[in-house]
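Note that this is a predicted model, so its numbers are computed, not measured.
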Amino acid sequence: MYGRAGIALLALGLPLVVSGPDASAVSTACAEHAVAEVSGRTATDIRGVAPGGRYLSGAAQDGEGNYHAVRWDDGVPTELPIPAAQSWAADVNDDGQLVIGTSDEDGTKPWRYRDGQLAALPIPAGYAGATATAIDNYRGNILGTVSDADGWNVRGVVWDAANHPHVLSIPAGFNEVAVSDIDDDGVAVGTVLDVDIPHARTRYQLAAYWLPDGNVRLFPPSSATAWTTAAAIRHGVAAGQDGDSAATWKVGTNGSSTAIAGGDKAQAINSSGTVVLAGSGRPRVYQPGKGERALSLQDPGGASGGSVAGLTDTNQVYGTDNLHNDPVRWDCS
């Protein structure tokens, strides 16, 4: 699922520094709890979180370093029988449907896993490769990207519930796309980039969203020179970064972004507006009206850090505590 052009991923990883009116409103840290791992595997990591919290998705690593797709159901992990050398479950919805990626001698391929059945997601004509990233929680549409044989000319794509691909448009002045998330109503978010392909250099980028008909709109940046990205969306509110600030936008309003205090970048958002802030420092959440809460870590000093995979609508954050690479849940309710 990471086969898209590397320059796009680098652009999305720009460090941020944020300040704002609620920066000092720090509450008790969110308590950390262990998440069950797959028995007999050397490591297990969480990669996707269903909004309702029943299902998680991820992968378990065997002794030879190969990954195998995993789904958690009410906290119990099950390794899935995916016929490939390597597989992973990139995302999951409240129906338990999974976005699967596989890698073997035939290359990397995207799949849908539904009701115990694995179905290939076809690559549309004119493209050589595809990745799948996220699934919506209502229709079961899957968001991903397609590219040429060299991994360039990346475009967003949505596979509908019948697995038919629909390539998303790109605005004039941009030639590459990185997609991130898809909302219940089919609105997808990501970033469009103007890339100097021969020199693998991003000249400019803006956060964007795609309507269910595939047409694209740009989220307004805070200034004419600000670079923006959109990392997540929930119930019509997108979260990402705008210049030096973690930020949110409301889809369809054409209004400017709302800066979020104290975070490096906004990584996830839920239906109540809680946002996960991540970057160079300790991961934390920002809750409207309450300010920031740090995520507790096994390392008391927090130097080892942690990574976040997703956030439920009940303010449960899932990810990895990096001290021992343990899958964990942080209770921010």
Side-chain angles (χ1 to χ4, degrees), residues 4-24 133-134 143 145 154-156 168-183 187-197 199-211 215-269 273-281 283-286 288 291-292 308:
R4 69 175 66 97
I7 191 69
L9 296 181
L10 289 173
L12 289 173
L14 291 173
L16 301 170
V17 179
V18 223
S19 61
D22 295 324
S24 61
T133 302
L143 176 68
T145 57
V154 179
R155 299 293 181 269
L168 305 178
S169 61
I170 186 170
F174 298 90
N175 59 356
E176 296 288 334
V177 169
V179 297
S180 306
D181 199 9
I182 186 167
D183 209 354
V187 173
V189 296
T191 306
V192 293
L193 305 101
D194 172 22
V195 178
D196 177 0
I197 293 177
H199 298 94
R201 180 178 63 90
T202 299
R203 291 178 289 233
Y204 189 49
Q205 66 181 53
L206 285 177
Y209 64 97
W210 288 265
L211 300 171
N215 287 318
V216 63
R217 302 286 187 272
L218 298 175
F219 288 116
S222 57
S223 73
T225 58
W227 287 30
T228 60
T229 65
I233 186 170
R234 185 74 175 132
H235 288 184
V237 180
Q241 64 185 65
D242 184 348
D244 292 334
S245 295
T248 59
W249 293 267
K250 290 186 178 180
V251 169
T253 63
N254 293 320
S256 60
S257 65
T258 299
I260 300 171
D264 291 11
K265 57 184 176 182
Q267 181 179 348
I269 187 169
T274 297
V275 174
V276 174
L277 304 173
S280 58
R284 52 210 179 278
V285 297
Y286 175 83
E292 293 183 34
V308 171

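Across all their heavy atoms, Ala208 and Val216 have their closest contact at CB-CG2, 4.0 Å. Ser180 and Ala230 make their closest contact through OG-O, 2.9 Å (heavy atoms, listed as atom of the first residue, atom of the second, distance). Smallest separation of non-hydrogen atoms from Ala246 and Leu277: CB-CD2, 3.9 Å. For Leu193 against Thr191, the heavy-atom pair with the smallest separation is CD1-O, 3.7 Å. Here the shortest heavy-atom pairing between Ala226 and Tyr204 reads O-OH, 3.3 Å. Taking every heavy atom of both residues into account, Ala266 and Val275 meet most closely at CB-CG1, 3.5 Å.
Rounding to the nearest 0.5 Å gives a distance of 4.5 Å between CD1 of Ile197 and CD of Glu176. Note: Asn175 CG to Arg155 CZ = 7.0 Å, rounded to the nearest 0.5 Å. A distance of 12.0 Å separates CH2 of Trp210 from CG of Asn215, quoted to the nearest 0.5 Å. We find the NZ-OG1 distance between Lys250 and Thr258 to be 7.5 Å, quoted to the nearest 0.5 Å. The line from NZ of Lys265 to CG of Asp242 is 15.0 Å long, rounded to the nearest 0.5 Å. Within the model, atoms CD1 of Ile233 and CG of Asp183 stand 4.5 Å from one another, a figure rounded to the nearest 0.5 Å.
The closest side-chain heavy-atom distance from Ile269 to Thr248 is below 4.5 Å. Val276 places none of its side-chain heavy atoms less than 4.5 Å from the side chain of Pro283. Annotation: side chain of Phe174 is in contact with side chain of Leu206 (closest heavy-atom distance under 4.5 Å).
The aromatic rings of Tyr209 and Phe219 sit tilted relative to each other, their planes meeting at an angle between 30° and 60°.
Listed for the Gln267 side chain is a donor-acceptor partner under 3.5 Å among the backbone atoms of Val308. In this structure a side-chain-to-backbone donor-acceptor pair under 3.5 Å is present from Thr228 to Ala207. Not a single donor-acceptor pair under 3.5 Å links the side chain of Thr145 to the backbone N or O of Val154.
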